[in-house]
There are 2 protein chains.
Amino acid sequence: MLRLAYIIMNLKELSKVLKLSISTVSKALNDSSEISAATKKKVVAKAKALNYHANPFASNLRSQKSKTIAVIIPAIANNFFSLAINGAESYAQGKDYHVLIYQTHEELQKEIAICKHLYNGRVDGIMVSLTRQTNDTAHFLDLKKKGIPLVFFDRVAEKIDAPKITTDDYESAFIGMQHLLKTGCKKIAFLSISDTLSISNKRHDGFIDALKKHKIKPEKNLMLACDNDENANKKKIKKLLTQKNKPDAIFACVEELAIASYEICEELKIKIPQDVKIISYSNLQTASILNPALTTITQPAYEIGRKAASILFRLINKKEPNLSEENTVLKSTLIVRKSTGEKK
Amino acid sequence: MLRLAYIIMNLKELSKVLKLSISTVSKALNDSSEISAATKKKVVAKAKALNYHANPFASNLRSQKSKTIAVIIPAIANNFFSLAINGAESYAQGKDYHVLIYQTHEELQKEIAICKHLYNGRVDGIMVSLTRQTNDTAHFLDLKKKGIPLVFFDRVAEKIDAPKITTDDYESAFIGMQHLLKTGCKKIAFLSISDTLSISNKRHDGFIDALKKHKIKPEKNLMLACDNDENANKKKIKKLLTQKNKPDAIFACVEELAIASYEICEELKIKIPQDVKIISYSNLQTASILNPALTTITQPAYEIGRKAASILFRLINKKEPNLSEENTVLKSTLIVRKSTGEKK
DNA sequence: TTTTTTTATGAAAACGTTTTCGTAAAAAAA
DNA sequence: TTTTTTTACGAAAACGTTTTCATAAAAAAA
């Protein structure tokens, strides 16, 4: 084995320099009450001077904790999720914890692989937002059995007994629809991300119930189930906008589908909002400067992340078993912009 | 200490069940040539059946490697960086490595803290893109001294002897400027992110040289140094657009400043491109559907991330010391859209 | 004063792996 | 046949911490 040239610095070396035992030095660095103030001061100073940093694997192994939580999300290139991460991070930092980010890229298989990777104590707790493909959640049950604290946010696994942080999907969809219906829309298309996710279903229910309230019958060929294939989605939207039974408005479950719709409208020279109005769930930073500005239902992403982290920490520290039923529902807000403006 | 109810499963238990020694089981699971094919098969099957997963801390501690790389970036809520991460991830996955994402939020202090956190072997290598505040890079020298492979991308530390992956900042800025100048702009404002980062300086040089080529003198009150305070930046832009010496075009070093400019123009009823043209470095997904569509200089973000990872792995595996001089420069592309359209 | 308690330290075990080294048994070479 | 090599496994050390436990010295109580 190659012995490297740079100076190795560990507890053993440090204690040698300090002429103290390893255990004393360790305790001093961990601010144990067993150690005198004078010794602590001396040890901490020397550790800093010699640039000592504890080996995380050794200490995690011995102490059986990692001071780390994982956040599993579909993608970071999405304002909702990156804001949620920032919320979680802000909370975790206060607890002196680190956050590991895992992307599933909306693939169930990746989600399963990540769960396996986290199976053996790599993190002290996990926050999850499901893949749009996730129809089976057995892989999370394994983690639960193992005793790893688990919290779901936004895209939650309804069958798993764990705290869930969501937004008022049904109500916000209903409110968004009422806004559209008030401006006179009769043929509203629904672009969904998944047919298994609860958020998709709840938004769908809000959509349907708003239609019913206005005595409008939902039409099958205005309902679009989208998936991971961006090009296929665009083709579907194109077909939707060119079919006989054209919609006069689009209700998009996620901003990705609103963006695709904008692009198709541009291509087909369909005018928003004159020809078709668009509303979308979205945390897009550029919503207000789009052509035209996009009417959004915006979720409190940062707060969701922060809240999820705070509940996760209660699980980690207290092992409150009955916390499982703790379901938090935060409110989304409708921001009306030009994409649903008056028909002229 | 609380002994938990769920079944503990480690090498010891597994070897007991298999009636083999711990070392044999370990070797079998690691596909060692010392173990017979029959035994390997038996061991692997049992491990799967009993849901055994090696404790990562124990194995990292013993083997002195983590099979993990870190990516330090200013923010994930930025298409350039999230694409770069995806590029790095795609390469790392092929090598059976994991990627840890660390955000500095553009704060030097956070960058320093993250370096300390990574100081003791937590990862096998690090990819970095600097904070806009980073004017001193001593914290990276510590990591280098420690022997941890280091690669910079996009926002590089020029003083540190390590591989750097960048884009043709000078040339692309020059080309972008030529485009603006060709459309007749005379008073072009430069919105910079930092006065220390090399990318900012190079883009600035390209900007200046293009002006000079067209015999235009750079004007001080058209140069805007922006920082982390979004509101302050907006105020500066507002002032710029209302001062006597108004610009007829804006050259933004990062998309965040282009977005701010759009918002201010909207507020002040300044028309793009009629009153002021805008061009920006950007990987914005919505660039083409903005009002008006934004002319961008777009960097090959995914490729940058992938390339950086590939060079990092060469450092990790081969310990090629002379790789330090390896500087890769990829090309950005100018995408002309309406925000720099003809003056009417 | 003596006894008890407290304080501050060190020795050694433990965390769960990987890896080195030793060694029977089997196979190959002599 | 005997000797050498190879194969397949096990015992034990090692990775760098934290934590338990034992124990001298100091302080407090008797």
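Proteins get letters first, then strands, A, B, ... in listed order; numbering begins at 1 in each.
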Review point. Do E303(A) and R306(A) meet the salt-bridge criterion of a basic N to acidic O distance under 4.0 Å?
Key: no

Review point. Between E89(B) and H105(A), does any side-chain donor sit less than 3.5 Å from a side-chain acceptor?
Key: yes

Review point. Heavy atoms, side chains only, cut-off 4.5 Å: are Y52(A) and L29(A) in contact?
Key: yes

Point to revise | Residue-phosphate contact under 4.0 Å: S26(B) side-chain N/O, dT18(C) OP1/OP2 | key: yes

Practice item. Could you check how far CG of L18(A) sits from P of dG10(C), rounded to whole Å? Key: 10 Å

Point to revise | I72(B) and its side-chain contact (heavy atoms from CB on, under 4.5 Å) partner, picked from I101(B), T104(B), L100(B) | key: T104(B)

Check your understanding: Can you tell me if the side-chain N/O atoms of N30(A) get under 4.0 Å from OP1 or OP2 in dT18(D)?
Key -> yes

Review point. Judged by atom type as modelled, is there a donor-acceptor pair below 3.5 Å linking the side chain of S194(A) to the main-chain atoms of L197(A)?
Key: yes

Review point. Between dT19(D) and Q64(A), is there an OP1 or OP2 to side-chain N/O distance shorter than 4.0 Å?
Key: no

**Study point:** F152(B) and F140(B) aromatic centres sub-6.0 Å
**Key:** yes

Point to revise | Phosphate-side-chain proximity, Y52(B) and dT17(C), N/O vs OP1/OP2 below 4.0 Å | key: yes

Point to revise | For atom CG of N60(B) and atom P of dT18(C), their distance in whole Å | key: 10 Å

Check your understanding: Does K67(B) come within less than 4.0 Å of D124(B), counting only side-chain N to carboxylate O?
Key -> no

Identify the pairs formed between an N or O of the protein and an N or O of nucleotides 8-13 of chain D at a distance under 3.5 Å, and give each distance.
residue, atom, partner, partner atom, Å
dC9(D), OP1, T39(B), OG1, 2.7
dC9(D), OP2, S36(B), N, 3.1
dC9(D), OP2, S36(B), OG, 3.2
dC9(D), OP2, T39(B), OG1, 3.0
dC9(D), N4, E34(B), OE1, 2.7
dG10(D), OP1, S21(B), N, 3.4
dG10(D), OP2, S21(B), N, 2.9
dG10(D), OP2, S21(B), OG, 2.9
dG10(D), OP2, T24(B), OG1, 2.3
dG10(D), N7, S23(B), OG, 3.4
dG10(D), O6, K27(B), NZ, 2.4
dA11(D), N7, S23(B), OG, 3.4
dA11(D), N6, S23(B), OG, 3.1

Revision key, fill the gap. Quick note, L11(B) side chain, CB onward, closest among dG16(C), dT17(D), dT18(C) is dT18(C)

Practice item. Sort by first number and list every stem of DNA chain C: at least 3 consecutive Watson-Crick or G-U wobble pairs, both distances under 3.5 Å. Key: C:1-30 with D:1-30

Point to revise | Nearest-angstrom distance from the residue atom CD1 of I8(B) to C1' of dA14(C) | key: 12 Å

Review point. Given atom CE of M9(B) and atom C1' of dT17(C), what is their separation to the nearest angstrom?
Key: 15 Å

Check your understanding: Can you tell me how far C1' of dT17(D) sits from CG of L14(A), to the nearest Å?
Key -> 13 Å

Review point. Do N51(A) and Y119(B) have side-chain N/O donor and acceptor atoms under 3.5 Å apart?
Key: yes

Check your understanding: To the nearest Å, how far apart are F57(B) CZ and dG16(C) P?
Key -> 12 Å

Practice item. Let me know the distance between CG of L29(B) and P of dG16(C), rounded to the nearest Å. Key: 16 Å

Exercise for review: Please state how far atom NZ in K12(A) lies from atom C1' in dT18(D), giving the value in whole angstrom units.
Suggested key: 17 Å

Exercise for review: Establish, from distance only, whether the side-chain atoms of T131(A) and E106(A) form a donor-acceptor pair under 3.5 Å.
Suggested key: no

